[in-house]
Amino acid sequence: MSVQTAPKPVLEKEKTSRRIAFSQKRGKWDVQLSPYLYISPFFILFAITGLFPLAYTAYVSVHEWHLLLGQGKFIGFQNYIDVLNQPTFWKALRNTFSIFLLSSVPQVIAALLLAAVLNANIRAKTFWRMGVLVPYVVAPVAVGLIFSRLFGDQYGFINAILALIGMDPVAWHSEIIPSHIAIASMVNFRWTGYNTLIFLAAMQTIPKELYEAAIIDGAGRLRQFISITVPQLRATLIFVIVTATIGGLQIFDEARVFDAAGTGGAGKQWITVTMYIYDLGWGNQKNFGRASAVALILFFIIILIGVLNFLITRKISDSGGSKQGKKSKTTISKATRTK
């Protein structure tokens, strides 16, 4: 018969040290994992509402897929080849880039200038700041209907003003560039106020010491805006330019309601890529495969233009910001010595 030895009693010190070690590990896990848990709902929703539709669109684009008949056989990249051989696709791409440039560039510049004015010491600040957001609240269809009447070829308000000053009327709905200018004006009307408030919020975070030091050095308002405000807004500028690029290349509502037919003009002079996608999928062709192919092409174009905009803007702003940072440090040190 074997004799069993009694287990050694665990000292209280060892228990305490184990509890401390476990609590330290738990705290470490909490610090490392909790940020991912906090942001996980966004990525879960994005996977459901963003990645899955994108992957499904890619799947549809390599099949024959009719709106009424449904899925057909696998055809590879034939839909892409068919789309690239259609002249309407290249017209839509040209129109999209033209309207994008006519809307995004003036929009960002105007929003930046308006934000600088609203950031100044003016009366009724809240009223004017709320006022710039009113066009954004108006429905796009209502904006399109109003501007389509303003830019009417025969009885439009803009042509009436041109006639008063002795100029010939412009064929806003018949010619390419005038139609793009009219549609771009709708986009600018709707989105300039939205971007203005973004710039305004960023301007209010700029340290006041920079402006005080610039005033001591004798810098005027224009010099302060160019040398302090714009470099300090480099992160916001990148954000606004990238979002304006994404929105500008996906323009649909304003071009769709520019006339009663909503087909992009008789000669497709203002049809956009998104309108072309709609026409392929739900128009005469009812071809979901080709529509999905165009959607994928537009997706990669937006990614490419967005990355280029981000890199160029960041390079310009970083170079300007580094120079301005050195000047600001020198100016602040001078101001400190003066005080």
Side-chain angles (χ1 to χ4, degrees), residues 100-137 161 165 181 184-248 305-306 308-339:
F100 159 66
L101 292 175
L102 290 171
S103 60
S104 298
V105 176
Q107 180 188 136
V108 173
I109 296 173
L112 192 60
L113 296 176
L114 281 173
V117 173
L118 292 175
N119 194 39
N121 189 17
I122 59 175
R123 294 182 179 180
K125 285 183 184 179
T126 306
F127 172 77
W128 296 113
R129 290 173 182 177
M130 291 176 61
V132 296
L133 198 60
V134 171
Y136 176 72
V137 180
I161 294 177
I165 60 178
I181 293 173
S185 65
M186 299 186 216
V187 180
N188 293 332
F189 174 76
R190 287 195 65 231
W191 290 98
T192 301
Y194 174 81
N195 291 325
T196 298
L197 291 185
I198 294 177
F199 282 131
L200 179 61
M203 285 179 184
Q204 292 179 345
T205 63
I206 299 175
K208 301 297 182 185
E209 293 82 3
L210 298 177
Y211 294 103
E212 292 173 359
I215 292 171
I216 292 172
D217 273 0
R221 288 187 179 273
L222 181 60
R223 174 54 61 188
Q224 293 175 32
F225 178 76
I226 295 173
S227 300
I228 297 177
T229 305
V230 175
Q232 292 293 322
L233 294 177
R234 56 183 180 273
T236 309
L237 275 169
I238 293 172
F239 170 76
V240 170
I241 290 173
V242 170
T243 53
T245 300
I246 295 171
I305 301 298
L308 289 176
N309 273 340
F310 174 76
L311 294 176
I312 293 171
T313 308
R314 189 177 66 173
K315 186 176 181 180
I316 294 173
S317 60
D318 285 348
S319 61
S322 60
K323 292 179 182 177
Q324 182 56 32
K326 294 177 182 177
K327 291 181 181 178
S328 299
K329 289 178 182 177
T330 307
T331 307
I332 291 173
S333 62
K334 286 180 181 177
T336 307
R337 287 198 299 269
T338 305
K339 291 180 181 179

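- To the nearest 0.5 Å, the span separating CG on Leu200 from CD on Gln204 amounts to 4.5 Å.
- Gln224 and Tyr211 get closest at one heavy-atom pair: OE1-CD2, 3.4 Å.
- The closest side-chain heavy-atom distance from Leu210 to Gln232 is below 4.5 Å.
- Note that CG of Leu114 and CD1 of Ile109 are 12.0 Å apart. Values are rounded to the nearest 0.5 Å.
- With a 4.5 Å cut-off on side-chain heavy atoms, Leu233 and Leu112 count as touching.
- Nearest heavy atoms, Val132 versus Leu197: CG2-CD2, 4.0 Å.
- Considering all non-hydrogen atoms of both residues, Tyr194 and Leu133 come closest at CA-CD1, 4.1 Å.
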Val108/Phe199 under side-chain contact (heavy atoms from CB on, under 4.5 Å): CA gap, chis, key distance, verdict: CA-CA 10 Å; Val108 173; Phe199 282 131; 4.2 Å; yes
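- Side chains of Tyr136 and Thr192: a donor-acceptor N/O pair is absent below 3.5 angstrom, by distance only.
- Atom CD1 of Ile161 is separated from atom CD1 of Ile165 by 8.0 Å, given to the nearest 0.5 angstrom.
- Separation of atoms CG (Leu308) and OG1 (Thr245) is listed at 10.0 Å; rounding is to 0.5 Å.
- With hydrogens and angles disregarded, no donor-acceptor distance shorter than 3.5 Å links the side chain of Ser104 to the backbone of Leu101.
- Minimum heavy-atom separation, Pro106 to Asn188: CB-ND2, 4.3 Å.
- Side chain of Arg234 to backbone of Pro231: a donor-acceptor contact under 3.5 angstrom is found.
- Contact record, Ala116 with Phe225: CB-CE1, 3.6 Å, taken as the closest heavy-atom pair.
- Listed here is the closest heavy atom pair of Asn195 and Ala111: CB-CB, 3.7 Å.
- Arg221 contributes atom CZ, which lies 10.5 Å from atom OG1 of Thr229 (distance to the nearest 0.5 angstrom).
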Verdict with supporting geometry, Gln107 and Thr196, side-chain contact (heavy atoms from CB on, under 4.5 Å): CA-CA 9 Å; Gln107 180 188 136; Thr196 298; over 6 Å; no
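- Here the straight-line distance linking atom CD of Glu209 with atom CD1 of Ile228 works out to 11.0 Å at 0.5 Å rounding.
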